[in-house]
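This report concerns only the one structure given below.
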Amino acid sequence: MRAILITLLITLGISCVHAQTMNKLIQTREFESRLAKEAQTIQSIESDFTQVKYLDILDEKVTSKGKFYYQKSGKICMEYAQPVNYLIVINDSRLKIVADGKKSTMSLSANKMMNQMQDMLTACMIGDLSKMSSDYKLEYFENARQYMVKIKPVNKAIQAYISGIEIYLDKKDMSVCKLRLSETAANYTEYEFYNKSFNTLKDETRFSIR
């Protein structure tokens, strides 16, 4: 199970501007209300993405690029095109990975931890925090252009796989513009989404697990 969780974390582990100082958001009701309202309007998302993966043991950053697709409810597809072709699909409780022309599928529903991780990752990718359980502590920050949600696992079992998450949301439309997922204090995965389109996805075959 550890290998499956690590695969999910690495693959689904987004960049906006770091230079601007983030101030803590004390009154969160308006933010949460707007975020929930915007999330309800999203049926699908299509975008390009750039992924940066840093491993301190190698002391280098590995950059990948591809296409991201989301469809309500719980369908995620990430098509990596550079530097290698790689595909990951989550459809409800099923996971498919295609690497080097070889396909593998597995169920995510058999284990409570896997279900929690799936809900957490889905929430992070689309900015819908309603799925976040009490196993996570949330703090809110803002600057002139963005909101940032800092997520800290409080469940020790989850802490074994992930130390923290930062979600950056564009104030213009509350869409996720960056997700930084830290496996340890030094190792992280970061995605930048751009060329985003909402509620335009017609082809559901890309979410097929077959």
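Note that K150 lies in the cation-pi zone of F141, set by a 6.0 Å cut-off to the ring centre and a 45° limit from the axis.
Although no hydrogens or angles enter the test, the distance criterion places no donor-acceptor pair under 3.5 Å between the side chain of Q82 and the main chain of K65. Listed for the S44 side chain is a donor-acceptor partner under 3.5 Å among the backbone atoms of L201. Using a distance-only test at 3.5 Å, with no hydrogens or angles considered, a donor-acceptor pair links the side chain of N91 to the main chain of F207.
Ring planes of Y188 and Y54: parallel class, angle under 30° (limits at 30 and 60°).
The ring of F193 has its center closer than 6.0 angstrom to the ring center of F68. Ring to ring, Y140 and Y147 are not that close: their centroids are 6.0 angstrom or more apart.
Remark: D170 does not engage R145 in a salt bridge, criterion side-chain N to carboxylate O under 4.0 Å. Ion pairing of E46 with K196 is absent here, as no side-chain N (NZ or NE/NH1/NH2) approaches a carboxylate O to less than 4.0 Å. We find that K171 and E142 are joined by a salt bridge, their nearest charged nitrogen and carboxylate oxygen being less than 4.0 Å apart. In this structure, K178 does not pair ionically with E192, as no charged nitrogen and carboxylate oxygen lie closer than 4.0 Å. A salt bridge does not link E190 with K61: every distance from a Lys NZ or Arg NE/NH1/NH2 to an Asp or Glu carboxylate oxygen is 4.0 Å or more.
With rounding to the nearest 0.5 angstrom, the CD atom of Q43 is 6.0 Å from the CG atom of N199. A distance of 10.5 Å separates CG of D203 from OG of S208, quoted to the nearest 0.5 Å.
E183 is listed as a side-chain neighbour of L181, based on a closest heavy-atom distance under 4.5 Å. In this structure, the side chains of Y168 and V149 stay at 4.5 Å or more apart for every pair of heavy atoms. Two residues are said to be in side-chain contact when any heavy atoms from C-beta on lie closer than 4.5 Å; D173 and E38 fail this criterion. For the pair Q71/Y69, no side-chain contact is recorded, criterion being any heavy-atom separation below 4.5 Å from C-beta on. Between L87 and N85, every side-chain heavy-atom pair lies at or beyond the 4.5 Å cut-off. In this structure, the side chains of F198 and S175 come closer than 4.5 Å at one or more pairs of heavy atoms. In this structure the side chain of E79 reaches within 4.5 angstrom of the side chain of R206, judged on heavy atoms. With a 4.5 Å cut-off on side-chain heavy atoms, P83 and S64 count as touching.
Linking Ile, Leu, Val, Met, Phe, Trp and Tyr residues whenever their side-chain heavy atoms come within less than 4.5 Å leaves V62 and Y86 in two separate clusters. Put simply, L95 and I209 are part of two different groups of oily side chains (I, L, V, M, F, W, Y) that touch within less than 4.5 Å, one to the next.
For the residue pair S197 and T200, the shortest heavy atom distance occurs at CB-OG1, 3.5 Å.
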M174 and R34: CA distance, side-chain angles, deciding distance, side chain to side chain contact (heavy atoms under 4.5 Å, CB included) verdict: CA-CA 8 Å; M174 302 300 284; R34 186 183 173 199; 3.4 Å; yes
